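Taking it in order: structure first as structure tokens, then the write-up.
Residue numbers start at 1 and run along the sequence shown. Reckoned from all heavy atoms, side chains included, excluding hydrogens, waters and symmetry mates. These numbers come from a predicted model, not from an experiment.
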Amino acid sequence: MSFLDLFRQGDAVTQVVAILLLAMSVSSWVVILWKGWMLHRASGDVARSTAAFWQSGSVGEGRQKVAAFDREALVLPLIAATELQQPGSLATAGDKAQQLTRVLRNALHDVLFKLQFGQVLLATVGSTAPFVGLLGTVWGIYHALTGIANAGQITIDKVSGPVGEALIMTAAGLAVAIPAVLGYNIFGRVIGRIEADLEGFARDLRELLVHPAAPVAAHH
């Protein structure tokens, strides 16, 4: 019995469980493929963008160079955030160091949210899919027991169908959960490395703008 046969021959509960597992599988694979492509580009782009920025002669020149590499817009928002607001608002309250800390922190949060997008879905699918499959398993066993009780005796035809449904549901739940868990863990490590690079860049950028003379002196 295949998963498609199970959907066609099963009752309402079995079909709902099958549809739910299928939806979870499709959504997790969409996220896995999209996020794998995005993080692959981002890993190289962040390294090239930060290198191009620090090889520039000014922040403006660095921003133009970064624009050519930063396809996922992870470094550019940090540079753009350093353009402080006009005086007269609470956003400009405090000294320059405090302003830069605030705007860079906000920009960094937005960038990290973009990197983390989809992780919650993968974690949810990975943790709940086995239990959804288990629900189908329990329902299949219940059908088997009901068939035996109604027949008054144990027969292969009364047991094989529901037990087959139960085994397929168990396998389907694991098949949906395992790729989601692997994707979540692998992407988590990649995201962690990119986050560390972005946080380091934001910290160095703040120091450059608060003490602009120090990097120039070190360069010469």
Side-chain angles (χ1 to χ4, degrees), residues 27-28 30-126 180-220:
S27 61
S28 63
V30 168
V31 171
I32 288 171
L33 295 176
W34 165 76
K35 203 168 184 65
W37 173 75
M38 187 269 284
L39 291 178
H40 175 73
R41 298 208 315 173
S43 297
D45 288 354
V46 169
R48 286 189 291 268
S49 297
T50 53
F53 179 84
W54 294 118
Q55 292 171 2
S56 303
S58 66
V59 174
E61 179 186 345
R63 182 174 181 177
Q64 293 179 351
K65 289 185 177 180
V66 168
F69 297 106
D70 193 20
R71 292 172 293 181
E72 297 298 330
L74 299 175
V75 179
L76 276 175
L78 301 180
I79 302 174
T82 60
E83 299 176 354
L84 303 180
Q85 302 294 323
Q86 295 296 323
S89 65
L90 290 176
T92 58
D95 57 22
K96 186 176 182 179
Q98 292 174 327
Q99 296 177 46
L100 289 171
T101 299
R102 180 170 57 251
V103 296
L104 284 172
R105 181 181 62 242
N106 293 337
L108 189 60
H109 285 169
D110 293 338
V111 169
L112 297 185
F113 176 80
K114 181 187 297 185
L115 285 174
Q116 292 286 351
F117 185 80
Q119 288 293 92
V120 173
L121 174 66
L122 294 180
T124 302
V125 171
V181 172
L182 291 176
Y184 176 83
N185 291 333
I186 293 172
F187 294 154
R189 289 194 292 270
V190 176
I191 291 171
R193 291 196 295 267
I194 297 175
E195 285 183 0
D197 292 340
L198 292 173
E199 290 172 357
F201 176 75
R203 182 170 56 251
D204 294 341
L205 181 59
R206 175 188 176 278
E207 292 301 315
L208 170 69
L209 298 176
V210 172
H211 308 289
V216 175
H219 179 75
H220 293 289

(request) Could you tell me whether Tyr184 atom OH has more than 12 heavy atoms of other residues or ligands within 6.0 Å of it? (result) no

Do [X] and [Y] have side-chain heavy atoms sitting under 4.5 Å apart?
X	Y	value
Leu121	Ser27	yes
Phe53	Leu205	yes
Trp54	Leu208	yes
Ile79	Phe201	yes
Thr50	Asp204	no

Report yes or no: does [X] contribute a side-chain atom to a donor-acceptor pair with the main-chain N or O of [Y] at less than 3.5 Å?
X	Y	answer
Lys35	Phe117	yes
Asp70	Ser49	no
Ser43	His40	no

Calculate, to the nearest 0.5 Å, the distance between atoms [atom1] and [atom2] belonging to [X] and [Y] respectively.
X	Y	atom1	atom2	result
Thr101	Leu108	OG1	CG	12.0 Å
Glu199	Asp197	CD	CG	9.5 Å
Glu72	Trp37	CD	CH2	5.5 Å
Glu195	Leu74	CD	CG	10.5 Å
Gln119	Thr124	CD	OG1	10.5 Å
Arg189	Ile194	CZ	CD1	13.5 Å

Minimum heavy-atom separation for [X] and [Y], please, with both atom names.
X	Y	value
Ala180	Ser28	CB-CB, 4.3 Å
Ala80	Arg63	CB-NH2, 3.7 Å
Pro77	Ala107	O-CB, 3.8 Å
Leu104	Leu78	CD2-O, 3.3 Å

(message) Check this for me: does any side-chain nitrogen of one of Glu61 and Lys65 sit under 4.0 Å from a carboxylate oxygen of the other?
(response) yes

